[in-house]
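Accompanying notes for the structure given below.
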Amino acid sequence: MKKTARAHTNIALVKYWGKKDTDLIIPMNGSISLTLDHFYTDTTVEFDPSLTADSFILDGQAKQDQKLVHFMNHVRKLANIKTFAHINSTNHVPTAAGLASSSSAYAALALAASSAAGLNLTAKDLSRLARKGSGSATRSIYGGFVEWIAGEDDLTSYAVPLEEHTSWKIAMIAIVLNSAQKKISSRAGMQTAQTSPYYPAWVKTANDDLKSMRQAIETRDFELLGTVAESSALKMHALNLSSKPHFSYFMPESIIAMQKVEELRTMGIPCYYTMDAGPNVKVICEEENIAAIIDHLSKVFGKDQLLVAHPGEGAKLITNEGIEAK
Ligand code: PMV
């Protein structure tokens with residue numbers, strides 16, 4: 001069977017940064033994210049008995065990827081099959097936006113590959129499967145606000161929707177800063193970060209952050225949501241600055257972007273920033289303030305560097321005719 005799935009990228013408001021099991025990808029702490037509408041991955045999987053290895057095409061180019069083969073082995077084990085597959089993936093993310101995170105990639109692959117293998121997994125089990133490809137993909141199975149329950153093992157570490165179809169007019173503006181600098185993968189980065197003397201404090205405070213974030217979403221408290229998100233991101237980057245060896249994802253422009261957001265706040269426009277395993281800054285705001293924020297940011301950044309996204313949907317199977325009912 002040939003199956004195609006679409007999954008959207010998500011940005012964490014309370015970050016995941018560090019694992020207690022590197023093989024199964026069990027995180028040290030829970031995390032909460034917002035799935036976005038504009039950035040997504042479409043992946044088609046077809047198992048073919050004539051293949052002697054998995055074949056992978058990403059954005060039209062043949063690729064070798066050990067991580068992906070490892071993931072497909074999990075799918076084969078689950079479906080009790082030995083067949084290899086054709087995998088064809090397209091990222092619908094503006095080039096160099098740094099938003100083509102593995103979250104949409106492994107969420108789409110988990111759904112397409114498990115369906116093509118004849119499995120009909122529940123959303124919970126899909127999130128457990130996606131987790132084995134990439135931690136953040138666990139959350140992209142659902143739309144809107146999503147929590148990844150850290151758990152202790154394969155069975156207890158999965159995502160739950162907090163508000164799949166949110167009516168809250170919340171938005172994220174990605175400030176795209178091209179980086180010539182060599183990227184440190186999230187996998188390597190979070191492993192090094194765990195050497196920081198502050199790591200125990202990160203884990204300890206994550207639980208309070210999760211509690212406040214759930215409350216902020218429930219009560220539509222934008223100030224609380226933004227304050228906690230900004231603090232979680234800064235704590236994550238502080239781990240990188242204090243690990244052995246220390247490293248950072250900041251570019252000079254990342255700092256300028258953060259200062260612009262802080263300036264906007266002093267001007268009375270509520271907005272907050274977050275940053276992941278790359279130099280791009282994402283501004284969290286409410287719909288009514290997008291125009292004013294873009295206006296201020298365009299004093300230092302080009303309009304083409306500013307991409308606006310809204311809450312997006314969970315992973316879906318798609319056909320040529322559109323979304324498949326599931
Ligand atoms: O699961 P990965 O390898 O995409 O790592 C995600 C790490 C962060 O994006 C920095 C934080 C997060 O929770 O998504």
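Read the numbers this way: they start at 1 and go in the same order the structure lists the ligands and their atoms.
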For the side-chain contact (heavy atoms from CB on, under 4.5 Å) test, which of S127, S157, S31 pairs with T138? S127
Could you pull out every protein residue that has a heavy atom closer than 4.0 Å to ligand 1, ordered by chain and then number? A12, K15, Y16, W17, S102, S134, G135, S136, R139, S186, M190, M236, D276, A277
Taking the inter-plane angle between the rings of F145 and W168 on a 0 to 90° scale, is it parallel (under 30°), tilted (30 to 60°) or perpendicular (over 60°)? tilted
Do S167 and R220 have a side chain donor and acceptor closer than 3.5 Å? yes
Do T41 and S104 have side-chain N/O donor and acceptor atoms under 3.5 Å apart?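 Yes, side-chain donor-acceptor contact under 3.5 Å.
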D23/K132 ion pair, N-O < 4.0 Å: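 Salt bridge flag = no for K132 with D23.
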Under the ring-ring contact (aromatic ring centres under 6.0 Å, His included) test, residues paired with H246 that sit two or more places apart: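 Residues passing ring-ring contact (aromatic ring centres under 6.0 Å, His included) with H246: none at all.
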